[in-house]
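Only a predicted model underlies this, so the values are computations on that prediction, with no experimental measurement involved.
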Amino acid sequence: VLKPTRNNKTLTVVITDLHRYYQEPIIIPPVPVDEGSAGVPSDHQGVLVIPLNNFCSQEKTKKTINTRPIMQSSLDSFGKQTVLEDWSFLCPEEGSTVLVQQFQDHCSSLVEEFFPLKTVQITSYDQPFFTERLRLLRRQRQREYRKAGRSEKYIKLKAAFTDMFEKEAHKYKEKVITEVTDGKRGSAYKALKKLGSGKNNDSNFEIPSHVEQNLSAEESAEVIADYFSSISQEFDPIDPSRFTPDLKEKLQVENERTPIIEEYQVYRKILAAKKPNSSVPGDLPKKVVASFAVELSQPVKIIFNEITSSAKYPRPWVIENQTPIPKVTPPTSEDDLRNISGTPFFSKLYESFLSDWLLPIVLPYLDPANCGGLKGSSISHYLIRLLHFIHSTADKSEPHATVMALVDLSKAFNRVDHLLVIQDLHDMKVPGWLLKILISYLTERSMIIKFRDATSTARSLPGSSPQGVFLGCFFFM
């Protein structure tokens, strides 16, 4: 409410998280006394909040997408082929980059053979649980109605569609609730929002300056990529010649003993890992990974051990597929965006091994008051500590003032200096063989921005730390 409601004061407020669906509140005259009743008119102006006239009647839009249906019969055929594979074509002596490329090429050919790409049309009204089978039933029902009206066949098809729709909706609801309660979803709010009619429009935002310039999605992707890349360019690429003498000496040690990763360890990591719906080029469908964790453990073990022994991180795994999402709604400029990095699934799996090796060494050096970024530690813990401090201070017998300084690091993840990261880890007694892997991980990193259906060209990242993966948060801390 922007105008006074009593004299020159605004005493009426409207609290809602649905403000985008309403017009600006209107001030109306005070409520009069009922006719024939004693009393005086109210001295408070009224406030009228009117819904937008178009938010309930959003236009139905259609979109064509590519998808790979994972049918059980195709999954069985894929499994038979994978079980018989001995992976002898993988050549560790050619290096980790070639190994990853060989593995991805082979798996991609199998995916193309058993799970061919299909083009389907979806609408803005489709729910997340709307399966290909439901889509087929809907088409059959619509075709029968156009052909014969409300025929007996149409009534049967309609009943079958309704029954299947309700079952899929219930199954999806139970799945989301279970994942939220088990902590397997990053945002409970977004997950629960999907159960209602609300749409998550994080990927459909527009930036006013782009609209004014009439930029296409491709042009917007390039502008956003330039913006985030320019921040990273504030730092020089990691240069071993700038390391301190003691760090250089540590890195020159050869034939250090490195851990050997076993197949059962990879298998356990695959089972425990979150398998997101989104994927990056080279990733296998999550259902395939979950179904054949045992079979995939063998080639993945070979790749992981080659990375560890050679200290050479595969080049396909240092390309970040970034998705910009708004920090505020609606965003007014590129500065209101954060770039979330998508990295290959098996790269994130290897990072979990790096986590196992790094954390026991580094944890004693981290601030115990640090919250967030570590298992069992979140911003909620910090808020509880803060409130406890404020209230306990206020409860003291003698008056005390509580003064709080708030610091917000602008584009903090994008302003991580790779040289300082390695130097700090060296000071924390991280061994040379592990530092070499991390240096390779940070060398010649690049990013591609994915905005709507467009993709930018690649940009180098001499600075920054990827958001959304373990090492990204670890380097920032």
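Proximity of L117 to T67: side-chain heavy atoms (C-beta onward) are nowhere separated by under 4.5 Å. Taking the side chain as every heavy atom from C-beta outward, V430 and H426 never approach each other to under 4.5 Å. The shortest side-chain heavy-atom distance between F451 and T323 does not fall under the 4.5 Å cut-off. At a threshold of 4.5 Å between non-hydrogen side-chain atoms, the residues R385 and L383 do not count as touching. For the pair I207/T332, no side-chain contact is recorded, criterion being any heavy-atom separation below 4.5 Å from C-beta on. Taking 4.5 Å as the limit, some side-chain heavy atom of Q233 sits within range of a side-chain heavy atom of P462. Residues E174 and K171 have side chains not in contact (no heavy-atom distance under 4.5 Å, counting atoms from C-beta outward). Here the side chains of L337 and F205 are in contact, with some heavy-atom distance below 4.5 Å.
Between atom CZ of residue F353 and atom CD1 of residue I437 there is a gap of 12.0 Å, rounded to the nearest 0.5 Å. Of the inter-residue distances, the one linking Q104 atom CD with L284 atom CG reads 9.0 Å to the nearest 0.5 angstrom. Interatomic distance, E144 CD to K153 NZ, rounded to the nearest 0.5 Å: 5.0 Å. Atom OG1 of T393 is separated from atom CD of E398 by 13.0 Å, given to the nearest 0.5 angstrom. Rounding to the nearest 0.5 Å gives a distance of 12.5 Å between OG of S341 and CD1 of I319. To the nearest 0.5 Å, atom CG of residue L134 and atom CZ of residue R141 are 10.0 Å apart.
With sequence neighbours excluded, the residues forming a side chain to side chain contact (heavy atoms under 4.5 Å, CB included) with T457 are E222, R459, listed by chain and number. The salt bridge (charged side-chain N to carboxylate O under 4.0 Å, His left out) test applied to R415 returns E234, not counting sequence neighbours. Under the salt bridge (charged side-chain N to carboxylate O under 4.0 Å, His left out) criterion, E218 pairs with no residue, sequence neighbours left out. In terms of the side chain to side chain contact (heavy atoms under 4.5 Å, CB included) criterion, S397 has no residue partners (sequence neighbours excluded). The salt bridge (charged side-chain N to carboxylate O under 4.0 Å, His left out) search around R133 returns none, not counting sequence neighbours. Evaluation of the ring-ring contact (aromatic ring centres under 6.0 Å, His included) rule for Y154 yields Y145 as partners, not counting sequence neighbours. Taking E219 as the reference, nothing meets the salt bridge (charged side-chain N to carboxylate O under 4.0 Å, His left out) condition, with sequence neighbours excluded. Every residue was checked against the side chain to side chain contact (heavy atoms under 4.5 Å, CB included) condition with A394, not counting sequence neighbours, and none meets it.
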Give the table of side-chain donor-acceptor pairs shorter than 3.5 Å for residues 439-449, with sequence neighbours excluded, one pair per line with atom names and distance.
| from | atom 1 | to | atom 2 | distance (Å) |
| --- | --- | --- | --- | --- |
| S440 | OG | Y313 | N | 2.7 |
| S440 | OG | R315 | NH2 | 3.3 |
| Y441 | OH | E351 | OE2 | 3.2 |
| T443 | OG1 | I439 | O | 2.5 |
| R445 | NE | E320 | OE2 | 3.1 |
| R445 | NH1 | Y441 | O | 2.9 |
| R445 | NH2 | E320 | OE2 | 3.3 |

Listed pairs under 3.5 Å, donor-acceptor, residues 364-373 side chains, sequence neighbours left out:
| from | atom 1 | to | atom 2 | distance (Å) |
| --- | --- | --- | --- | --- |
| D367 | OD1 | A369 | N | 2.9 |
| N370 | ND2 | G372 | O | 3.4 |

Please table the atom pairs, donor to acceptor, closer than 3.5 Å between any side-chain atom in residues 159-168 and protein atoms at least two apart or in another chain.
| from | atom 1 | to | atom 2 | distance (Å) |
| --- | --- | --- | --- | --- |
| T162 | OG1 | K158 | O | 2.9 |
| D163 | OD2 | K167 | NZ | 3.3 |

Could you pull out every donor-acceptor pair under 3.5 Å between side chains of residues 464-477 and any protein atom, sequence neighbours left out?
| from | atom 1 | to | atom 2 | distance (Å) |
| --- | --- | --- | --- | --- |
| S465 | OG | G472 | O | 2.6 |

When you look at D335 and K327, which way does the salt bridge (Lys or Arg N to Asp or Glu O under 4.0 Å) test go after all the steps? CA-CA 9 Å; D335 192 52; K327 293 191 290 186; 5.3 Å; no
Could you go through V288 and V111, starting from their C-alpha distance and side-chain angles, then the distance that decides it, and tell me whether this counts as side chain to side chain contact (heavy atoms under 4.5 Å, CB included)? CA-CA 9 Å; V288 171; V111 168; 5.7 Å; no
As a quick check of understanding, evaluate salt bridge (Lys or Arg N to Asp or Glu O under 4.0 Å) for K269 and D356, giving each step before the final call. CA-CA 11 Å; K269 292 282 189 184; D356 294 342; 2.6 Å; yes
Walk me through it: do V362 and L425 pass the test side chain to side chain contact (heavy atoms under 4.5 Å, CB included)? CA-CA 8 Å; V362 171; L425 292 174; 4.1 Å; yes
Evaluate side chain to side chain contact (heavy atoms under 4.5 Å, CB included) for I28 paired with I26, printing each intermediate quantity in order. CA-CA 6 Å; I28 59 175; I26 299 171; 4.3 Å; yes
Report the C-alpha distance between R143 and R138 in whole Å, list the side-chain angles of each, state the deciding distance to 0.1 Å, and finish with yes or no for side chain to side chain contact (heavy atoms under 4.5 Å, CB included). CA-CA 9 Å; R143 191 181 299 121; R138 183 174 64 183; over 6 Å; no
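By the 6.0 Å contact criterion, CG on N214 is open, its count of non-hydrogen atoms from other residues, nucleotides or ligands being 12 or less. Around atom NE2 of H44, more than 12 heavy atoms belonging to other residues, nucleotides or ligands sit under 6.0 Å away. Counting non-hydrogen atoms of neighbouring residues, nucleotides and ligands closer than 6.0 angstrom, the NZ atom of K147 reaches no more than 12 such neighbours. Environment of CE in M428: crowded, with over 12 heavy atoms of neighbouring residues, nucleotides or ligands closer than 6.0 Å.
Contact record, L296 with V289: CD1-CA, 4.0 Å, taken as the closest heavy-atom pair. Contact between V1 and T10 at its shortest, heavy atoms only, is O-CG2, 3.6 Å. In terms of heavy atoms, K429 sits closest to I361 at O-CG2, 3.7 Å. Heavy atoms only, all atoms of each residue included: T5 and T12 are closest at OG1-N, 3.4 Å. Counting all heavy atoms, side chain and backbone alike, P30 lies closest to S42 at CB-O, 3.1 Å. Closest heavy-atom contact between P316 and P344: O-CG, 4.4 Å.
Using cut-offs of 30° and 60° on the angle between ring planes, the pair F114 and F78 is perpendicular. Between W357 and Y350, the ring planes are perpendicular. Angles over 60° get that label, and only those under 30° would be called parallel.
Between the side chains of H418 and Q423, no donor-acceptor pair of N or O atoms lies under 3.5 Å.
With hydrogens and angles ignored, the 3.5 Å screen pairs a side-chain donor or acceptor of D417 with a backbone N or O of L419. In terms of modelled atom types and a separation under 3.5 Å, the side chain of N414 and the main chain of I231 share no donor-acceptor contact. Listed for the S74 side chain is no donor-acceptor partner under 3.5 Å among the backbone atoms of I70.
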